[in-house]
Structures are given as C-alpha cells and as structure tokens.
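Working notes, structure below.
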Amino acid sequence: MAKTAVPAKIAQRAAKLRTDLDAHNYRYYVEDAPLVSDAEYDRLFRELQALERDYPALSTPDSPTQRVGGQAATQFDPVTHRVPMLSLNNAFADEEAEAFDRRARAALGVEEVDYAVEPKFDGLAVSLVYERGQFTLGATRGDGNTGENVTANLRTVRAIPMRLPADAPPLLEVRGEVLMLKRDFAALNAAQGSAGEKLFVNPRNAAAGALRQLDPAITASRRLAFFSYGVGAVEWGSVTPPATQDALLKLLAALRLPVASQRSVVRGLEGLLGYYRFIGTKRDKLPFQIDGVVYKVNPFAQQERLGFVSRAPRFALAHKFPAEELPTQVLAIDVQVGRTGALTPVARLKPVFVGGVTVVNATLHNEDEVRRKDIRVGDTVIVRRAGDVIPEVVRVLPEGRQPNAPQFELPKRCPECGSKVVRLPDEAIARCSGGLVCPAQRKQALLHFASRRAMDIEGLGDKLVDQLIDAGLAHTPADIYMLGVAALAALDRMAEKSAANVVTAIDKSRATTLARFIYALGIRHVGETTAADLAQHFGTFDALLAADEHALLEVRDVGPVLVQSILQFFAEAHNRDVIAQLRAAGVHWTETAPRREPAGKFAGLTFVITGTLPTFSRDDAKALIEEHGGKVAGSVSKKTAYVIAGAEPGSKLDKASELGVPVLDEQQLMAMVAHGRIKR
DNA sequence: TTACCTCGAGCTCA
DNA sequence: CTCGAGGTAA
C-alpha cells in the first residue's frame, strides 16, 4: 500500500541508510577494513528494503537495495568498446624490465623515467561507463574491441558505485578488474561445500563464473570486488584532465571508485624492481590474488610519445611473478596425430594442482624437444604453466629416474593406422604418411570441415566424429551428406531428436561460400584468410582447380610454399573425388567474376594516424581505411604508405618526414576515398 | 590448456 | 541427473 507523502523523518532515515550502506561497502572492498559485521550490514539493508517497500517513492535506481539483481537475461548482448581494451606486454625476468626502462629512456631522451606502479590483479578486465555520473553500461573485455554487456551483473557488485559525485566528468569510462577477495572465495567454497555443491578451483574462476551468470541474483550472492586502473573514453567537461597516471588514479579514488591502495610512483629501473620485490613479499598478505605488478610511464605526455606496438602500449609493462613450479610424475608419453598427420608427443601426468588449475597433459612439441630435455616415462618432472596458460614440462629431476627407463622414441609407424612415419631432413615435425587412410587424420579433417569457420555444421563435435569414423559411417566429408536420421540414431547419445538436428545442420551447410568451402578442404597452409583471398582472386572453384603455379603466385600473399601445397592437394585423385562427391551431394556457393585486383582502393597500403582529426575519431578513420582494404598501423616504418595527421601530431610525424612518408590531412584522405589513390 | 556457464537432449529411476 | 556441444576467459 503506497503512501503518496513520505514523512520527512522516514526520508532522512532512508537517505542515511543508503549513505551508510555505501560507506560500509567502501570500507569492506576498497579500504579492506570493514566497520560492521555482515549481520549488521544485512540488518541495515533489510531496514532500507522495508522502507522502500512501504514508501515506493523512496526507491531510487542507485539505491544499494537495487544490487540484488533483477530480471534474468537470456543472453549477453555484444558491446563495442569506444576505445579498444588493449593487453599489456609481459615480462618475467628482471632483464626484460630493464629493457623496457632502457627503451623508454631512449625514446623519450631522458635520464630517468617516473613510473606509476600497482599490483596486477588476477581477475577479469571490465569497462564501466558512467554518463552524467550514472553507471549505465558494464562490459567484459572480450577480444579487446567487442565484449559482452554484463551491466545487470556488475550492478550487483557492491564495490562499483552506481552513481559518481556531482563533480564527475560528463562521460567517464572506467577500466578495471573484477575479482573475488580471498576471504569471500573461502566463504563461498565453505558454503558450496556444506550445501554439497561443487567447489570452485580458484578465486579467478569463481569470479569469472559469477560474471557469466544469466541471472544477476546469483552474481549478487557471489560477492565480487572491483578495482579500477585506468580509463577509456572520457569527456572531461569542466574537470581538468589529469596529466599523469598517478593523478588519474587519485581522481578516480576521489570519485569513490576503488583503486588499489598499494599503488605508488617510483623513479627509474631501481624503483621498478624495488616495487616488484616489495609487492612480492606482501603478496600473501594481500586480500586478493595478484600475478605480478604493472609499470606505467607516469606522465601522459610521455605515454603518447611512446605510443603503441601492434596490440600493446609501449609505455606499460606487466612484470609477472615467476610461474609456480611443482614436481609430478610422467605416467606415459602418448603420440597424437593431427590433421596434417603431424605426430606430437604428449606427456600424461599424474594430476598436479599448479598455477590454479589441475594439469594432467602437457605437450612435448616434438621428438627433439623430448630428447633435449630427456623426458622418460616414469620420470619425476617439474611442471609449470608458461605464458599464463599452456602447461610445460620444465625439466626432469634426475633422482626420480628408473634405472631401466628407455629413452623416448617416436614410433616408426603411426599409432593410429600403422602407416610409415616420415620426417623430412630439415623439419622438426615427423608425420604419418597415411594421409586420409589414417583414421586420426580423417577425424581431424572431418572435424575441421564441420567447424564453425568452415562449413559450420552445428552438433558435429569430436565425440560424434569419433563414432562416425569408427563405425565406418563416414570416411570422407562427402559421406556425411549421405547420412540419414536412422543411421545416426543408432549411435550413442543420439536419439531421434539429436539425429534429426544434426541432419538438418548438415543439410543447411550445403549452401555455403566459396571461401568457406576452400578453407573447409583443409589444404595445408591454407587458413581462413588465404582461402578468402583465393576465392576472391579466382571467383570460381574451377578456375582455382585449373590454376598453375604461375597463376597461383599472382594471388596476394601467396608464395612458393603455398603454391606447392595447393598443387599437391589438387593433384591427388582422392581429393578431387571427394570434391566431386561434395558438389554432387548438393554443396554449392555463388560464384563471382574473378577479381584479380586486390579489393578496395587502399589494398596493400598501410596508414598511420597521428594527432586529433577535425571530424573523424581515430576509430572512424581506421574503419574507413579498413573498409577500403587498407591497414592501419600504430607506428611509422618504411612500409607505411601515408601518415594521416591531425591537430597536435605526435612523434610519428617526425618519423614520417625522416623516412619521406607522405603526410595527408583528413580532407586529403577523404579526397582519396572519393577519387582514388594519390600517386606516391 | 583448463575451468566455468548454458542449452538441449538423453538416460535413469521412481 | 548427466552428457555433449558451444561459448568465454586467462
């Protein structure tokens, strides 16, 4: 029962509760020093909930009570970042940090550089957009350009303010990391345990899982934290833009956004390494997991002068702690057969929990690698997760060696089909010579054929492919177009419905594009890009089939290795048969006129943009150039065709005149788009 | 490479 | 309830 007038006392109380709850959140997540117990927090929370229920006029969208999560979503919408979310270059050794500092000093022409330094959180990167102080959009990093809209889930994160103070910039995109505090992780797992639920493996995965929930109420119950470390798109309005990273973080902190209290400003290499060591000693005592520290050149003016190398800024470095290394035992060394017949030795390990996950497999890459490290079955080895992800056998502990353990040898015959194994004299990789006789290669070929970027047959995964090949229902990709529902339904975990779905998916794949089809064939060295180039260049499949060495070499980015590979593939009668069968089965695409000219008037040209253009944003200009087949690079080299310069150009302009690269303004760029290229 | 979430559908037991 | 497939993240 809603009352229209809210007594002043009640309104005051609600406002007080809101301020207090926000303050408690801040104490808990930002200052790591809670003032009240969880029970007391809950009591205040419920009191506010009750007031808002009795007096709906009191409800505001930024009230702490709105953090419990509303409607469950059915999917996450894509979000394009206004400014791409880049990754950082990594360093593990002090020497790499030294090289970073040396390059920065050289490029800036200074004796010593000031760095803003902070811990590197082990969580998930997100972007938070505040418009006129209101939190309006939260997104995951995704591939850096496009992420997922997880606003509803991020609203439940108590460390994220729903509203910024009145003096905030009109548009502020905050970049930071969502993570789970160690103590919240422990509490969550204790609860999961007593409820008989599955335990989470580490705080990072628990946070990632929480953020990916479709139902924000579940996210709310998982207690995520957040720390900001930078900004994306910003309109400063009447706010004076900060001149340094340190000032920026202070400004964010003043806006009540969480910032790591362990941050600092240091000078020179000694400062960097000193901070690295210092945080290393504090690591275990921090309330959250970190995997290193981040160095950023402090003044933004210097950051701009350093610029970017491809996907990462040259003014920042992630100095990681050494990867955790633990001993375990080699139970077996299996040999896997890939799509091209490549034989890869894989160590099967006694499960070991290292670097936050349980490792049971580690690729040993090739025969020489196993020999060099002299890994034998039964050995005790040191395992780590290198470069963040891939498990790696570092070395053998000699004391664990069984006296009679034989040296590893690659089998002379393929473990899957018994064909001869051949290794060309100048190659590191040994291959099964069985080609498509080999079931392992047939499976891989079929899996590749059906994959999303190829023929995109949904439901045809590895388990089904295994069964199809093993049961002899399919030998080549062409065979799958002959499959009926009845044949499929006889397989494991395949009843009427699933079988019908797969048949429909196979059916649908008959209509495809030439580029996809070429890629799906699985010709060695022909990936997605080359397949698209070939399709465009020849226009029809038969033109490609008829092409000789000379004709193939005319295709953009196609060299002698690729030519040999393509000619060899089509020379095989077997491959031509399969192609004919596929076409007979109704696989089709629209053929086009050959376009020997590479697409777009900017094809083959690399542009570099510097300064602020009068009407285009950097992204728009980039999109425009790419639309016409050009590339946009971050730095000027002798391969750069044009530099597009706007107001306040950076050092790229000097570099351009140094190398004699023509410089255009935005108007000239537009003229090129309209009238074709300007002659160099 | 591993872990997590979601979905559809099959399997199992009542 | 369990499994396979598909997706995401680091």
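Below, read A as the first sequence line, B as the second, and so on, with proteins coming before strands; counting in each chain starts at 1.
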Select one nucleotide: of [options], the one nearest the side-chain heavy atoms of [X].
X         : options                 : result
Lys463(A) : dA3(B), dG4(C), dT6(B)  : dG4(C)
Asn361(A) : dT6(B), dT2(B), dA9(B)  : dT2(B)
Lys198(A) : dT6(B), dG7(C), dC4(B)  : dC4(B)
Asn205(A) : dC4(B), dA5(C), dG10(B) : dC4(B)

**Item:** Electrostatic pair Arg516(A)-Glu528(A), nearest N-O below 4.0 angstrom
**Value:** no

**Request:** Output yes when at least one side-chain N/O atom of Thr140(A) is less than 4.0 Å from OP1 or OP2 of dA9(C), else no.
**Result:** yes

**Asked** Between Arg385(A) and dA3(B), is there a side-chain N or O to OP1/OP2 distance below 4.0 Å?
**Response** no

Using a 4.0 Å heavy-atom cut-off, does [X] contact any base of the nucleic acid, only the sugar-phosphate backbone, or nothing at all?
X         : answer
Asn202(A) : nothing
Asn501(A) : sugar-phosphate
Ala495(A) : sugar-phosphate
Gly142(A) : sugar-phosphate
Arg453(A) : nothing
Thr358(A) : sugar-phosphate
Ala125(A) : sugar-phosphate
Phe200(A) : sugar-phosphate
Gln213(A) : sugar-phosphate

Once you round it to whole Å, what is the distance between [atom2] of [N] and [atom1] of [X]?
X         : N       : atom1 : atom2 : answer
Leu199(A) : dC5(B)  : CG    : P     : 12 Å
Ile218(A) : dT6(B)  : CD1   : P     : 6 Å
Leu88(A)  : dA10(C) : CG    : P     : 12 Å

**Asked** Is it true that the NZ or CZ of Arg222(A) lies under 6.0 Å from the centre of Phe200(A)'s six-membered ring and within 45 degrees of the ring axis?
**Response** no

**Asked** Hey, what do you get for CG (Asp122(A)) to NZ (Lys320(A)), rounding to the nearest 0.5 Å?
**Response** 8.0 Å

**Asked** When rounded to the nearest 0.5 angstrom, what distance separates CD1 in Ile390(A) from NE2 in His365(A)?
**Response** 8.0 Å

**Message:** When you measure only distances, ignoring hydrogens and angles, does the side chain of Arg493(A) come within 3.5 Å of the base of dC3(C) through a donor and an acceptor?
**Reply:** yes

**Asked** Should we count CZ of Arg453(A) as having more than 12 external heavy atoms under 6.0 Å?
**Response** no

